K.L.:
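I'd like to ask you about the structure that follows.
Everything quoted here is computed from the prediction, not taken from an experiment.
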Amino acid sequence: MYLDRLEFKSDPFKAIDPRCRAGAGVCLILAATNISRPAVLAGLILGAALALRKDTRRVLGRLVPVNIFALFLWITVPLNALGTRLFAAPAPDAPGAGLGAAFNAALIYTLRINAAALVYMALIIPLGIGGIANVLIKLRFPPKLAALFLLSYRYIFVMYQRVFVAALSLRLRQPRQGILGRWRSYAAVFGTALVSALFRSQKIGRALQSRGFNGDLPLTRTFTLKPGDILFLCGAILLSAGLLALDGLLRGPGFLS
């Protein structure tokens, strides 16, 4: 949930009750993280991508940091498999199986995190932090947990903006220095931002207490459950179960493995 140019401008499921959307998203994400067939994961990715087709550029921008982690996995897991083959005794009946298994695991993990991220972008992110907080309150989550979630989300962006402005100012004004001195300067900037965040959080806490805030956020949205919302949630549950069942049926020797 970004507050900048990567913020979504369209919501394909705007008419669906937020509670049903959140439930459907959780079911599909849990299914995506338990599927092990690349073909099934690719189908889920394609469906979520079609739902987000109006925000293609923003979706691709959001997927960049997700796949950076996947890139590290592709680099490290095969190296680990090669190291195992070089320094450990391989199984005599399966030479070279370690490297193939490593690539297969990296592929499945990459598809899983992309599928989960796309489902999250389609169903949950467009709700916004206020909508998610209202859903948590309406579903009887601990009120202080919802308040902490909302305030933490907001302050993460305050800290990000402060560190970004300070680092930009440092680059524009700093004298010539070596790499070690530069990183010391960045460490000082980050440390100053953390100290400032601590003092600001204390100030905000005193301001909230002086205004009578007891940790319970008010519900700011009226929820109206319609038959279509129930059908949407049931469809998402059935789709999740169907994907898991299809994944189990396709678990055979040599199929996309």
K.L.:
Does the side chain of Ser169 reach to within under 4.5 Å of the side chain of Val189, using non-hydrogen atoms?
P.N.:
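No. Closest side-chain heavy atoms not under 4.5 Å.
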K.L.:
With the 4.5 Å side-chain cut-off for hydrophobic clustering, are Leu139 and Ile124 part of the same group?
P.N.:
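As far as the 4.5 Å side-chain criterion goes, Ile124 and Leu139 are connected within one cluster.
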K.L.:
Among the clusters formed by ILVMFWY side chains lying less than 4.5 Å apart, do Ile16 and Leu231 turn up in the same one?
P.N.:
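As far as the 4.5 Å side-chain criterion goes, Leu231 and Ile16 are not connected within one cluster.
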K.L.:
Quick one: CD1 on Ile137 to CZ on Phe223, what's the gap to the nearest 0.5 Å?
P.N.:
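Taking CD1 in Ile137 and CZ in Phe223, the distance rounds to 8.5 Å.
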K.L.:
May I ask you to test the Arg53-Val59 pair for a side-chain heavy-atom distance under 4.5 Å?
P.N.:
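The answer is no; the side chains never approach within 4.5 Å.
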K.L.:
Establish, yes or no, whether a centroid distance under 6.0 Å links the rings of Phe13 and Phe232.
P.N.:
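They qualify: ring centres under 6.0 Å apart.
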K.L.:
Return the CG to CD1 distance between Leu111 and Ile45, rounded to the nearest 0.5 Å.
P.N.:
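These two atoms lie 4.5 Å from each other.
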K.L.:
Hey, are the side chains of Leu107 and Pro38 touching, using non-hydrogen atoms and a 4.5 Å cut-off?
P.N.:
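Yes. Closest side-chain heavy atoms under 4.5 Å.
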K.L.:
Can you measure from CD1 (Ile132) to CZ (Arg21) and round to the nearest 0.5 angstrom?
P.N.:
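Answer rounded to 0.5 Å: 9.5 Å.
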K.L.:
Between Ala70 and Ile113, what is the shortest heavy-atom contact and its length?
P.N.:
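Closest pair (atom of Ala70, atom of Ile113, distance): CB-CD1, 4.0 Å.
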K.L.:
Tell me the closest heavy-atom pair linking Ala115 and Ala32, and the distance in Å.
P.N.:
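Heavy atoms of Ala115 and Ala32 come nearest at CB-CB, 4.1 Å.
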K.L.:
Once salt bridge (Lys or Arg N to Asp or Glu O under 4.0 Å) is applied, do any residues pair with Arg112, and if so which ones, sequence neighbours excluded?
P.N.:
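Once residues adjacent in sequence are excluded, Arg112 has no partner under the salt bridge (Lys or Arg N to Asp or Glu O under 4.0 Å) criterion.
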K.L.:
Check Leu73 against Ala106 and note the closest heavy-atom contact, atom names and distance.
P.N.:
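Reported closest heavy-atom pair: CD2-CA, 3.9 Å.
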K.L.:
Hey, does the side chain of Asp17 reach the backbone of Asp229 with a donor-acceptor pair shorter than 3.5 angstrom?
P.N.:
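Checked: no pair found.
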K.L.:
Holding to side-chain hydrogen bond (donor to acceptor under 3.5 Å, both in side chains), I want the full list of residues that pass it with Ser201, two or more places apart in sequence or in another chain.
P.N.:
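Per chain and number, Ser201 pairs via side-chain hydrogen bond (donor to acceptor under 3.5 Å, both in side chains) with no residue.
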K.L.:
Determine whether Val40 and Leu50 fall in the same hydrophobic cluster, where Ile, Leu, Val, Met, Phe, Trp and Tyr are linked whenever their side-chain heavy atoms lie under 4.5 Å apart.
P.N.:
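Val40 does not cluster with Leu50.
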K.L.:
Treating Asn134 as the side-chain partner and Gly130 as the backbone partner, does any N or O pair qualify as donor plus acceptor under 3.5 Å?
P.N.:
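It does hold such a pair.
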K.L.:
Can you tell me how far the OG1 atom of Thr222 sits from the NZ atom of Lys138, to the nearest 0.5 Å?
P.N.:
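Here the interatomic distance stands at 8.0 Å.
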K.L.:
What distance separates Leu238 CG from Leu233 CG, expressed to the nearest 0.5 Å?
P.N.:
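Output value for this atom pair is 9.5 Å.
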K.L.:
If every non-hydrogen atom of Ala236 is compared with every non-hydrogen atom of Ala24, which pair is closest and at what distance?
P.N.:
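In this case the closest contact between Ala236 and Ala24 is CB-CB, 3.3 Å.
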K.L.:
Answer whether the closest heavy-atom distance between the side chains of Val64 and Ile68 falls below 4.5 Å.
P.N.:
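A side-chain contact under 4.5 Å exists here.
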K.L.:
Are Phe149 and Ile129 side-chain neighbours, meaning at least one heavy-atom pair lies under 4.5 Å?
P.N.:
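Yes, side chains in contact.
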K.L.:
Going by the rule side-chain hydrogen bond (donor to acceptor under 3.5 Å, both in side chains), which residues pair with Ser196 if we only count those two or more places apart in sequence or in a different chain?
P.N.:
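With neighbours one apart ignored, the set is Arg162.
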K.L.:
Between Val119 and Leu44, is the side-chain contact (heavy atoms from CB on, under 4.5 Å) condition met? List the steps.
P.N.:
CA-CA 8 Å; Val119 170; Leu44 182 57; 4.3 Å; yes
K.L.:
Are Leu151 and Leu208 close enough that some pair of their side-chain heavy atoms sits under 4.5 Å apart?
P.N.:
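Yes, their side chains come closer than 4.5 Å.
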K.L.:
Looking at CG of Asn67 and CG of Asn114, how far apart are the two atoms once the value is rounded to the nearest 0.5 Å?
P.N.:
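Between atom CG of Asn67 and atom CG of Asn114 there are 4.0 Å.
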K.L.:
So does Arg58 pair up with Asp55, basic N to acidic O under 4.0 Å?
P.N.:
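Counted as a salt bridge, because a side-chain N and a carboxylate O are separated by less than 4.0 Å.
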K.L.:
If hydrophobic clusters are built by linking Ile, Leu, Val, Met, Phe, Trp and Tyr wherever their side-chain heavy atoms come under 4.5 Å apart, do Phe69 and Tyr109 end up in the same one?
P.N.:
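Per the 4.5 Å side-chain linkage, Phe69 and Tyr109 are not co-clustered.
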K.L.:
If two hydrophobic side chains count as joined below 4.5 Å and joins carry through other members, does Leu148 share a cluster with Leu219?
P.N.:
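As far as the 4.5 Å side-chain criterion goes, Leu219 and Leu148 are not connected within one cluster.
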K.L.:
Might you point out which heavy atoms bring Leu250 and Arg37 nearest each other, and give the distance in Å?
P.N.:
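Looking at all heavy atoms of both residues, the closest pair is O-CD, 3.5 Å.
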K.L.:
Does the side chain of Ile35 come within less than 4.5 Å of Leu246's, by heavy atoms?
P.N.:
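Answer no - side chains too far apart.
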K.L.:
If you look at every heavy atom in Ile237 and Cys27, which pair is closest and at what distance?
P.N.:
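In terms of heavy atoms, the two residues are closest at CG1-SG, 3.8 Å.
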K.L.:
Counting only heavy atoms from other residues, nucleotides and ligands, does the tally under 6.0 Å from NZ of Lys54 exceed 12?
P.N.:
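Incorrect, the count does not exceed 12.
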